[in-house]
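The structure appears below as structure tokens.
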Amino acid sequence: MTEPDLLAALNPPQREAVTHAGGPVLVVAGAGSGKTRVLTRRIAHLVSQRDVHPGSILAITFTNKAAAEMRSRVVDLVGNRARLMWVSTFHSACVRILRTEIDAMGFRKSFSIYDDTDAKRLMTLVARDQNLDPKKFPPRGLLNWVSNCKNELITPAQAAASASGLDEVRAEAYKVYNQRLRAANALDFDDLIMTTVLLFEQHPEIREAYRRRFRQVLVDEYQDTNHAQYLLIKQLCGDLGPDDGLPDDAPRIEPAELMVVGDSDQSIYAFRGATIRNILDFENDFPGANTILLEQNYRSTQTVLSAANAVIKNNSGRPSKRLWSQAGDGEKIVGYVADTEHDEARFVGNEIDALVDKGQGKYSDMAVFYRTNAQSRAFEEVFIRLGLPYRVVGGVRFYERREVRDALSYLRAISNPADDVSLRRIINVPKRGIGERAEVALAMLAANEQISFADAIDRADEAPGLATRSLNQVKAFGKMMADFRAMVDADLPASEILETVLKRSGMIDELRNSSDPQDETRVENLIELVKVAQEFVAQATTQDLEMDEDFELIESGTSLSTGAPQAAGEGPSDDVVAELADELTAGQPEPDASLGAFLERIALVADSDQIPDSSDDGGVVTLMTLHTAKGLEFDTVFLTGMEDGIFPHMRAMTDSAELAEERRLAYVGITRARKRLYLSRSVLRTLFGRPSHNPASRFFTEIPDELIDWRRKVSEVASWASTSADRSASARAAVASGTVFGSGRGATSKKTLPAVNTGDRVLHSTYGMGTVVATSGSGDNAKADVDFGSSGVKRFALKYAPLEKL
DNA sequence: TACTTCCTGCTTTTT
DNA sequence: GCAGGAAGTA
């Protein structure tokens, strides 16, 4: 694509952002102003410049999915040569750097990456060892505290030095937790960033190599970066001044060109350390910075924008921004007050049906948003009944399932023998007679001898108090793991190793022979995992071929060394350019089907990257949380559960900063809509398994009434519940004690048992439609096994299960 | 050692 | 109303 084509269809501020040269740039962009488009075009523009080598571009996106999309769009625009650029999330970029450089930080290259669940497990162990009261110091809370430290780049020693009171305990937990991580040769998510920053601080020469490499750095969603990520950017393209750690006579390189794009009104990840300070202080952080404002919205109608503005303006202390649209007023916002969440779901379902019937859109043009994943249930139930095609994004994740985690723990323990957490997870999976006693004996040996758990297994003879029977089992297990590791040494592809592990460990056999109907699904999930591995291996092999093409491209003369001459005094010298060209060709990551590479992919890629394509004809309705909705847009958006206590979430209502974040979340949700916005709430909602009733969300009432077309305003339940304060209070009390509806704990209602037989179709409030495949027991003990297709087979006690015969 | 049965806490949001 | 842990039992 030629240069004018790249710039066509952009408005003047966008064009300015795309072609900007020299000095850092902050693009402050409102919702729907074409942020991502600007970034994509800018990268394409850069690649099409003769003196910019694609390998010198580093673009950071928020999700891996966004990275993949941006990458393929740029390749579409300017061709294969763009494949050499780095487009990834902060985490993936750091892993890529650490895989090369981590020796310098005292880890081995085979390090494991611990996700949230692993981290929590490890922290639980630490807390137990420290004899911490789980009520006072829940692992989750400790982990949050540690995460904050890591985001602020506070080391355990520094934390201990400045902590007082309860924080002294937390700092101690942080220290031990990190020691255990190090011993397991593992890094958690926050470590990935923190360690990279520390690496650059402690090894200026390594940092300098990357500064020379990346000449163009672009960051999307800058409002959601945390302090550690900011420091990383600063290390890569800030002006470090005289304290840059290099010898005085070493050659310096000009800082790279930096462009960040963000909207402080869309910052919704402060809860995990993101800070809009990074946006507000950009001009101080990067002197000489330019700010470009994108205020025209191309996505939504003026009505939608007015609603969004009306909500967000209640946040104090935000820089003023006036978003405008040329799309006209469009349709009014539809408001609906439901009696129950089922009623709300029915309204949404019927409305979707009606819109499709009237030809006002396809299923794939519509999305239902909610605050928490648990709220998807009512919609699923109703949508199944109505026969609406839908897809829930997020929720119960594939990689969170027990059997999948077990399999991955095997792989990690094989790839990284020091990984005690993974090893201890699977030492008795499947059951092989190595119980708690045996495990403790081995752990004692490991502690006494200062060796890893894997080494303790190899020296099990020395373990104190290990029964002979257990000893034999442990030896057999050690032998098996050694065989698996030999497969890694022989460079067998990840998929092959996985298959062997599943078969030889006996995991598959145990599940196949099990009487628990759920285990059938588990087998299917493992087969699915094998498929994922096979696809990964296949992909790595084809990438290999593409890389070869790219090398040819470089060699055939498009590389930096033949590019336009640099202006004197600016940019890298010719020597540096030549060196850079060498580095670019030499330093390409070998595409890699190894076990380590596979594990890395699994750790970093969220499986919520499965947002349905709108290209399929008809398609499906998308259900997701507001957080997942970030960066997406739909013709029709249903914003549901607009109730105080739900959204804003109960736990955010007391804290003004958290409330402000919830409001930004509302702003994000509203601005996802192109043409039609529905807002709904329910007066009565089942929460924690019991009914509770909530007032309208403050965000709902902040929207001017004239923008809203009320379909139903006052619910009957609302009128009896709120006519008098007394009655309302007593109703609430009754609800709270579970006496009114009889579904509270201990007040099990007597319900007539649905008589089901094999082959009956039933509806479950959580799993949806299913078929009875077996029945057992009688009377109160009657149970049924129900097959829910993709959700698998579950066994229910008919007395309690929310099952309905169809 | 392994299976069963309570029982608790949980629901924010995710790279 | 469910998962995962703790405690109790074979």
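As a basis for the values below, the full set of heavy atoms in this structure was taken, side chains included, without hydrogen atoms, waters or symmetry mates. Residue numbers start from 1 in every chain, and the chains themselves are labelled A, B, ... in the order their sequence lines are given, proteins ahead of strands.
Under a cutoff of 6.0 Å and an axis angle of 45°, A:R99 and A:F111 form a cation-pi pair. Figure legend: A:R601 and A:F598 shown without cation-pi pairing, the cationic atom not lying both under 6.0 angstrom from the six-membered ring centre and within 45 degrees of its axis.
You'll find that the side chain of A:F189 is closest to B:dT15, out of B:dT14, B:dT15, B:dT11. Nearest nucleotide to the A:T89 side chain, out of B:dT14, B:dT15, B:dT11: B:dT15.
Distance, A:I193 CD1 to B:dT14 P: 18 Å, rounded to whole Å. In this structure, CG of A:D188 is placed 16 Å from P of B:dT15, rounded to the nearest angstrom. As rounded to whole Å, 14 Å separates atom C1' of B:dT13 from atom CD1 of A:I646. Rounded to whole angstrom, the span from the OH atom of A:Y399 across to the P atom of B:dT15 amounts to 13 Å. Straight-line distance from the NE2 atom of A:H342 to the P atom of C:dG1: 9 Å, rounded to whole Å. One interatomic measurement links the two molecules: CD of A:E661 to P of B:dT14, which rounds to 13 Å at whole-angstrom precision. Atom CG of A:D116 and atom C1' of B:dT13 are 12 Å apart (whole Å). Protein atom CG of A:L125 is 15 Å distant from nucleotide atom C1' of C:dG4, rounded to whole Å.
Nearer the 5' end of DNA chain B, as judged by each residue's closest nucleotide, is the contact made by A:A374, out of A:Y269 and A:A374.
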Shorter than 3.5 Å, N or O on both sides, protein versus nucleotides 1-6 of chain B: list them out with atom names.
| from | atom 1 | to | atom 2 | distance (Å) |
| --- | --- | --- | --- | --- |
| B:dT1 | OP1 | A:G435 | N | 2.9 |
| B:dA2 | OP1 | A:G433 | N | 3.4 |
| B:dA2 | OP2 | A:N428 | ND2 | 3.4 |

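OP1 or OP2 of B:dT14 sits under 4.0 Å from a side-chain N or O of A:T625. Look at A:S92 and you won't find any side-chain N or O under 4.0 angstrom from OP1 or OP2 of B:dT15.
If you take atom P in B:dT13 and the same atom in C:dG4, they sit 15 Å apart, rounded to whole Å.
In this structure, A:H91 and A:F189 have tilted ring planes: the angle between them lies in the 30° to 60° band.
In the model, A:T625 has no side-chain atom that pairs as donor or acceptor with a side-chain atom of A:N373 under 3.5 Å. Inspection of the A:N226 and A:K150 side chains reveals no N or O donor paired with an N or O acceptor under 3.5 Å.
Considering A:F271, A:F369, A:Y370 in turn, A:F271 is the only one that fulfils the ring pair (Phe, Tyr, Trp, His ring centres under 6.0 Å) rule with A:H627.
Heavy atoms of A:Q473 sit nowhere under 4.0 angstrom from any nucleic acid atom. Contact annotation for A:N373: backbone-only contact, meaning every heavy-atom pair under 4.0 Å involves sugar-phosphate atoms and none involves a base.
Ring-to-base geometry does not place A:F62 in a stacked arrangement with B:dT15 (centre distance under 5.5 Å, plane angle under 30° required).
By the 4.0 Å N-to-carboxylate-O rule, A:D118 lies close enough to A:R405 to be salt-bridged with it.
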